[in-house]
Amino acid sequence: QVQLVESGGGSVQVGGSLRLSCVVSGYMYSTYCMGWFRQAPGKEREGVARIDSDGETTYADSVKGRFTISKDNAKNTLYLQMNSLKPEDTAMYYCVVDPRIDHCYYRDYEVEFGYWGQGTQVTVSS
């Protein structure tokens, strides 16, 4: 059974930083697309950043230059380093993974990730 467990969320002031972590267990595929989605109340779900099994990364325009996605294969852990946080970054952040590597390259509405974590809340206050 695949499990994704996020941590690292919290409250921070504008301009601050947070690092989210996602430990993945039970995933048996050698290829994948992993990533982070977020959803704020009353807003649509947004893909924030993705990384495939080759290490290629993609980012939403709204976070380019501020967020960095990375992974530690030895620890089965996905990270999201978030710098220069803004109030509009406030949302529930979800870790996702899917064996279809092309999920890293399609638009949000074109893909459906097979596995999701329970989410971790990020709140940015001014």
Side-chain angles (χ1 to χ4, degrees):
Q1 182 178 358
V2 178
Q3 289 190 321
L4 289 73
V5 180
E6 303 102 331
S7 62
S11 296
V12 64
Q13 291 192 325
V14 169
S17 298
L18 283 173
R19 188 176 82 155
L20 306 183
S21 299
C22 173
V23 177
V24 183
S25 60
Y27 187 80
M28 305 301 293
Y29 299 95
S30 60
T31 60
Y32 53 80
C33 176
M34 299 182 71
W36 294 92
F37 276 70
R38 67 186 180 186
Q39 189 163 24
K43 294 188 177 181
E44 289 192 359
R45 189 179 64 191
E46 176 187 24
V48 175
R50 306 177 203 184
I51 185 167
D52 69 19
S53 42
D54 294 327
E56 297 293 322
T57 59
T58 58
Y59 295 92
D61 288 343
S62 58
V63 306
K64 279 181 182 177
R66 300 188 299 122
F67 290 11
T68 302
I69 189 170
S70 62
K71 58 188 175 77
D72 185 329
N73 293 330
K75 296 182 178 180
N76 295 324
T77 302
L78 179 71
Y79 301 101
L80 184 68
Q81 178 66 44
M82 305 186 294
N83 298 328
S84 302
L85 283 161
K86 304 175 181 181
E88 51 264 42
D89 294 319
T90 295
M92 185 72 79
Y93 283 71
Y94 299 91
C95 173
V96 298
V97 64
D98 195 280
R100 292 164 288 189
I101 197 170
D102 58 10
H103 277 34
C104 278
Y105 303 102
Y106 289 158
R107 295 188 178 97
D108 294 348
Y109 65 86
E110 295 175 317
V111 297
E112 187 62 51
F113 281 79
Y115 303 101
W116 290 72
Q118 82 287 352
T120 186
Q121 178 68 37
V122 171
T123 302
V124 184
S125 57
S126 56

Subject >> The single option from M92, Q39, R38 passing side chain to side chain contact (heavy atoms under 4.5 Å, CB included) against R45 >> reply: Q39

**OP:** First locate atom CG of L78, then atom CG of L4, and finally report the distance between them rounded to the nearest 0.5 Å.
**Re:** 8.5 Å

Original post:
Rounded to the nearest 0.5 Å, how far apart are CH2 of W36 and CD1 of I51?
Top reply: 12.0 Å

Subject >> Heavy-atom donor-acceptor pair, E6 side chain to Q118 backbone, under 3.5 Å >> reply: yes

Original post:
Parallel, tilted or perpendicular: which fits the ring planes of F37 and F113, with parallel below 30° and perpendicular above 60°?
Top reply: perpendicular

Original post:
Crowded around Q13 CD? As in, over 12 foreign heavy atoms under 6.0 Å?
Top reply: no

**OP:** Starting at OG of S126, measure out to NZ of K86 and round the result to the nearest 0.5 Å.
**Re:** 14.0 Å

Original post:
Do other residues, nucleotides or ligands put more than 12 heavy atoms under 6.0 Å from E110 CD?
Top reply: yes

Original post:
Just by distance, do the side chain of D98 and the backbone of R100 share a donor-acceptor pair under 3.5 Å?
Top reply: yes

**OP:** Mind checking salt bridge (charged side-chain N to carboxylate O under 4.0 Å, His left out) for K64 and listing every partner two or more places apart, or none if nothing turns up?
**Re:** D61

Original post:
Taking the side chain from Y59 and the backbone from I69, do they hold a donor-acceptor pair closer than 3.5 Å?
Top reply: yes

Original post:
Considering only heavy atoms from C-beta outward, does the side chain of Y27 approach that of P99 to under 4.5 Å?
Top reply: yes

Original post:
Under the salt bridge (Lys or Arg N to Asp or Glu O under 4.0 Å) rule, what pairs show up with a residue in residues 15-34, not counting sequence neighbours?
Top reply: none

Subject >> Spatial distance of atom CD (E44) from atom CG (D108) [nearest 0.5 Å] >> reply: 9.0 Å

Original post:
CG/N76 to NZ/K71 distance, rounded to the nearest 0.5 angstrom?
Top reply: 10.5 Å

**OP:** For D52 and Y105, test the side chains for any donor-to-acceptor distance below 3.5 angstrom and give the result as yes or no.
**Re:** yes

**OP:** Establish, from distance only, whether the side-chain atoms of E88 and S62 form a donor-acceptor pair under 3.5 Å.
**Re:** no

Original post:
Roughly how far apart are N73 CG and S53 OG, rounded to 0.5 Å?
Top reply: 9.0 Å

